[in-house]
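Okay, so here's the structure we're looking at.
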There are 2 protein chains.
Amino acid sequence: MTKPEIIQNLINAYAEAYQNLGYSSLMGKIVALLIASPEPMSLDEISGELQMSKGPVSQIARKLKEHRLIEKVWIPGERKDYYRAVEDIFGQAFANYASSMRRNQRLGEEFEQLSKAVPAQDEQTRHLATRMNEMKLFYEMMDESNRAFLQNWRDNVKPGLEELQDEPAGKQS
Amino acid sequence: MTKPEIIQNLINAYAEAYQNLGYSSLMGKIVALLIASPEPMSLDEISGELQMSKGPVSQIARKLKEHRLIEKVWIPGERKDYYRAVEDIFGQAFANYASSMRRNQRLGEEFEQLSKAVPAQDEQTRHLATRMNEMKLFYEMMDESNRAFLQNWRDNVKPGLEELQDEPAGKQS
DNA sequence: AACAATATTTGAAAATTTTCAAACGAATAA
DNA sequence: TTATTCGTTTGAAAATTTTCAAATATTGTT
């Protein structure tokens, strides 16, 4: 398999994966492209490579930047914006997911309280309170597990990987 | 807040949460309804409660059953199908997610190999191999963490919760 | 300040997903 | 066997999301 074919396959695989996770497939394509690129890429290069007009690419790039999966880099003497994948993109994607899961914890809390506050307690309100308590507990424990995993990755594993390769250059915007 | 209002809010919250996770919002509504119901519900009851025709409800219920989030129960003397949320629905939802994450691990493996197999090794192929190796390692470790968490939940925590309440009745189909 | 290059926004078109109503099929009861 | 009661499938309508092309805004250069 040739290099361009591999990259195209990676782009397709990420597009599908992001789609399955409920994001737009364009998000996955941009992420794949930037993961695969040793150098930062401009908006024009990205939309050119993906055969897509600049409008959607600009919008999705902003979202990815908000989610801290990609970042702008300043290239001296250049007027264009350049993007690259952030240093710990897998860890950051995980952190985003973990954060969205904390909403479930809060939902459990909220609805446990609400169902206990109903004046006329019956079988259903008690049942709901029990379930919601279980939900709260589950996502609490899950969050603890998630935090421990991410900290271990960032403190112990990722730094070891980084030693083996060059650090990226360029100042951020 | 009255009981019907609480349940409606729960349905809306789950609809939004499922939507954000990339599933149909109807999926979330059905799950919420069955989590809130102490008794199994028939297709008609579900679609009636959600004010939705039976077609989509039937299709989505099948998907939820495939994902082992809900199950059919047999009610003696009744012709209708009855559904309820499975015993450990939060754990099962997590298991489904963990399983989908294992695909990322395989992607990392696959593309690391592919990029190493390119005859003309250059900066980009080496860069890609490094990134894909990192990806593989990250999702490997994540999977270990996920398995440990789920096992702890199922072996140590969930059984303790179950002792406090009645076990469900009815045989499965 | 005026111009040139680039990025973002916008409204409409295209594509996709969701939903419904009705037809169909399967299973049970009479 | 026939009728009845559900569940599922299907094709089209409705709603939503994605994408584009063009207009607008922003930034840097002269």
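Within every chain, numbering begins at 1; the chains are lettered A, B, ... in the order of the sequence lines, protein sequences first and strands thereafter.
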query: Are any of the side-chain heavy atoms of A:K158 and A:E87 separated by less than 4.5 Å?
result: yes
Min side-chain heavy-atom separation B:D81-B:S42 under 4.5 Å: no
- request: Provide, to the nearest angstrom, the distance between the CD1 atom belonging to A:I60 and the P atom belonging to C:dA7.
  value: 16 Å
field: Rounded distance (Å) that lies between atom P of D:dC6 and atom NZ of B:K72
entry: 14 Å
- request: Grab the CG-P distance between A:D81 and C:dT8 for me, whole Å please.
  value: 6 Å
Spacing between A:L43 atom CG and C:dA5 atom P, to the nearest angstrom: 17 Å
task: Say whether B:D122 and B:T125, considering side chains only, have a donor N or O and an acceptor N or O under 3.5 Å apart.
output: yes
query: Whole Å only: how far is the NZ atom of B:K63 from the P atom of D:dT9?
result: 12 Å
task: Report yes if the distance between the aromatic ring centroids of B:F94 and B:F149 is under 6.0 Å, otherwise no.
output: yes
field: Length of the CE-P vector between B:M41 and D:dG7, whole Å
entry: 13 Å
field: Letter per nucleotide, 5' to 3', of nucleotides 20-30 of chain C [B base touched, S only sugar-phosphate touched, - untouched; heavy atoms, 4.0 Å]
entry: B------BBS-
query: Near DNA chain D, under 4.0 Å by heavy atom, which residues of residues 16-29 of chain B?
result: none
message: Under a plain distance cut-off of 3.5 Å, with no hydrogens placed, do A:E5 and A:N9 share a side-chain donor-acceptor pair?
response: no
- prompt: What nucleotide among C:dT9, D:dT9, C:dA7 has an atom nearest to a side-chain atom of A:R62?
  reply: C:dT9
- prompt: A:N12 and A:E16: side-chain donor and acceptor closer than 3.5 Å?
  reply: no
- request: Please check if any side-chain donor atom of A:W153 sits under 3.5 Å from a side-chain acceptor atom of A:D88, or the reverse.
  value: yes
statement: Separation of C:dT8 atom P from A:I46 atom CD1, nearest Å, is 11 Å
- line: Rounded to whole Å, CG of A:L64 lies from C1' of C:dA7 at a distance of 16 Å
- prompt: Is the shortest distance from a Lys or Arg side-chain nitrogen in B:R62 or B:E66 to a carboxylate oxygen in the other one below 4.0 Å?
  reply: yes
field: Within 6.0 angstrom of A:Q151 CD, more than 12 heavy atoms from elsewhere
entry: no
